[in-house]
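Report on the structure given below.
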Amino acid sequence: MRRILLTIACIVLSATAFASTTIPGSALYSDSYLQRCEGVNALYWNPSRLFTNPKGCGDVILLSSQGSFWNNAMDIDLYNKMNGDSISLETRQEFLDDIDGNYFNSNGHFSGILVAWSKGRNAYSVGTHLYADAKISKEYFDLLLTGNDYGEDYHFTKENNDINVLGYGDLSISHGGYPLHELIGKHFDIEMPKVYIGFTLSALFGGVVAEMKEFEGNFSTSADSTALNLDQTIRFRYGSGGIGMKGLVGLSVEDLVENLSLGFTIDNLPGFIAWGATTKDKYYHISADSVNISEADADTIENEEETKDGETYTTEFPMIFNLGACYTWDDLSVSIDWKQSPEQSIVSSDKPFIALAGEYIIADLVPFRIGYSYDARYDAYSMTYGIGVHTPKFDIDYAIQTYEQIFPSGKAKGSGYSLQLRLKY
Amino acid sequence: MKVLRLTVFAAAITLIVLGCMQLPKEPEFDTTFKLPLINKHYYIHDLEDSTDFIVENDSIFYMQSGNISSYLVDSLLSIWAHSQLNQWAPVTTGVENVGYLALSQAGIDDDITISYALVKSWTMLIEVRNPHQNLESLQILFDDIYSPNGDQLQLAITELNDTTFVSLDGDEANGRFYRIGTMDNDTLIDSLKFTIVPEIVVPENEEVCEVRVFFQDRLFFQEMHGNIYNKRMFIENEIENIGIDYPDNLDSTLTISQARMHFNINNTLGYKVGIRGKMTGYNDSGEFRSIYIDENDNLIFDPSLTPGEAAFSTQTLTDSVAYLLNIFPTRIEFTDAYFIVGQSASEYGFAAAGDHAYGDFQGRVPFLFMLEEGLIRNDSTYVTELSDEVRDRIREFAKTASISLTVENTTPTAAHAYLYFSTIEHPDTLFHEPDSTFGAWNLLIPREGEDTYTPANTTKDFTFSLSEDDVRFFTNEKYYLGIEFLFDSTEGETIYIAPDDFLRLNGDLDIVLHFGD
């Protein structure tokens, strides 16, 4: 159980993102960023917007990072109550009561940009990404925190007990800001808005992958306290050392209506990491049928544990469609993004993700931001509040994020931060 | 480096702003798990195993079973035959020279008479002396003896100078034997008639030689019909080990009554057989007791009705059986014991080589006991083996525990149950020097009612608290649980223990696990 708790803690502390391509720049706006990205940040979001770089100019992002975590049960106050010392039974029960649904769900995301730069219509980046998602059934916590009673039957399934971890680095090249409207204008005598296109190609270097393949378990004691039944099967796959690629194409329409920018991207076109350097399949099974402790021995309790080399396999990144719009009026801008994938995976959701953001820049120097996002996958929302300092040579931006609360407070069920350092030349 | 510091600073500020989130520490709490510890029913009828313990008519018996078998009857199937002409007799022409070989002889109690027999071997001696000079040969014709080919036996003696021996061995390998009498004959043959015919040309009424005819040795039969009386067919002196693991101390705790012993015998002889002799029982304490079976016990078993087919019959011995079985013997031995064959001189029957009597015996003891106060130790101890992982978990997390036990007694007398825990299985250690600091536990289950020994159902609950040190005992890789029962004396009164009576131990372990530092 301690291992489980530590695993949860690591996952919770590792980071989160409801959006799959969250980077420090996008997290400043709750990931309402498709038509806000500029310069090198366009590489990850919408390469068509590399047109925002003035000719011969560019930017550099250094050692920027973003991280967030969320869970469906514990707010910060409760977390503090359960953190160390002796946890009272009331607190434990409060935690169980607060679990929304049949399982405790926690996920995190961390991304960092080691270095990224752009010049004109080209951009390059070296980044890292870690995704983690864990589910642990409420019954497990109930058993762990409050013990069991005779006659109770605990049933555990993969649906409620799951762990997925994916970590990789990317080396990306982007070319964008290509004025499609000019090309069309040369050949056709039609009026059209400014349309830019662009693409990003990323070489992916898989660092770590882990996924639950099978999880099935039962634990019960008979009502007359005479027998214990236990049956647990776990198949777990993990590996390291993979290589793959992903592609991103984007389109941006400017000034269709004055000050309105529209965009559309398809991410993961294609996207995959083939794992082969080290893969392991771990199998664990324990079962006992109608036994009591006085009968506990190798004949009554079957226990199997096996770890063997796994076969090469591929983690597919499902396509993600992203639509976004941004309206700018002087120092004020508002934006909206919608994102969805046909498939569910650790990096994608088949349920919509919607984000809204607003920014007001005072004296072209200090931007204030507020963002809102709703992820239907987890039926959870977050708010982001940010501030920055923009100068002609560099930008420093910072934002905090809070989940399930309008304003940061101890009742939030998650939090995040984003810090971006950007040099401009 | 400055940038990195700034990043860390930003993350820290975020956490502080978002509600003074504390740095994570390992949570600390106690959880109580309820686990079934033991559930043992010691039903009386659980003893039933169809061999040593059986249930009949709602009563349970334990049985000491063993096999019994006699030696083959072969050596008994023989008689002496004596010729009337074992004295020299003249053979005269012109008259019928008739003689008889008597199959019994006064003064020799042979105990067998036949109406028909297949003769496995015999040696007949025919001697001739003073033959007439013109005597060419003697023909001897036997009325009731037939050669293997079915013809009446006829011997021709042509060399008359010497004594003539005639050996008439049967062809055992091919099942061809000389016969006396015919199979359908039921008249006892007390002598074998023969006629001597001389071949000689001389006047009538002239003596031509002297002859005497007799058997030199016993006649051995392959098969016979007739009478056998009081022949002894000895029982093989085999020791029968009884495969019952009696609880320790049972012999000094219980006094049994109304025991009986069934003998189930297959008899291939066409004669009744009866058991006589000595049975001795030995127990593991070195005690032994013997009983003697004689004609008064009337253990007589049915004869076979068809040659080659065994008749099965059962007889019961009642006298002295309780005395024999009260020491709870683990082996029984027959000494100087035999089947007596032929229960009356007039019993007509049959027997053949290879016939014998065999079967088994079952001592049945109903569960009617007088209990003397004493311990009955359940012979089987219970071993629990815990995996390394489980033991590590106990070592790491287990704090304290309590054991709740419910003890139920449906026997008509009070009982105590003692539980011992040890890492050593040997009874001397387990029951007398248990490792654990908390065993032995004395669980008294009182009898309901003070004056009667009527069946009751008494339940009592016990709770024991285990300290942290006690709990550490369960980090041993393997430990043993031994159980002893002590029954109160019935003070000379015989009680009936029904098959459904039981002692039950049901217990659960409430173990407090501590998570965290």
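Naming: A, B, ... by sequence-line order, numbering from 1 per chain.
Among B:Val512, B:Thr32, B:Asp508, the residue making the largest number of heavy-atom pairs under 4.5 Å with chain A is B:Asp508. Per-residue counts of heavy-atom pairs under 4.5 Å with chain B were compared for A:Leu228, A:Leu145, A:Thr146; the largest is that of A:Leu145. When each of A:Ser88, A:Ala227, A:Ser222 is checked for heavy-atom pairs under 4.5 Å with chain B, A:Ala227 comes out on top. Of the listed residues B:Asn39, B:Asp510, B:Leu513, the one with more heavy-atom pairs under 4.5 angstrom with chain A than any other is B:Asn39.
Here the closest heavy-atom approach between residue A:Phe219 and residue B:Leu35 is recorded as CZ-CD2, 4.3 Å.
Atom CZ of B:Arg504 sits about 8.5 Å away from atom OG1 of A:Thr226, to the nearest 0.5 Å. The line from CG of A:Asp149 to NZ of B:Lys34 is 4.0 Å long, rounded to the nearest 0.5 Å.
In this structure, no portion of B:Tyr480 lies under 4.5 Å from any heavy atom of chain A. Using a 4.5 Å cut-off between heavy atoms, A:Asp75 makes no contact with chain B at all.
Looking at heavy atoms from C-beta onward, B:Phe29 lies out of side-chain contact with A:Thr91 at the 4.5 angstrom threshold. Two residues are said to be in side-chain contact when any heavy atoms from C-beta on lie closer than 4.5 Å; B:Phe515 and A:Ile87 fail this criterion.
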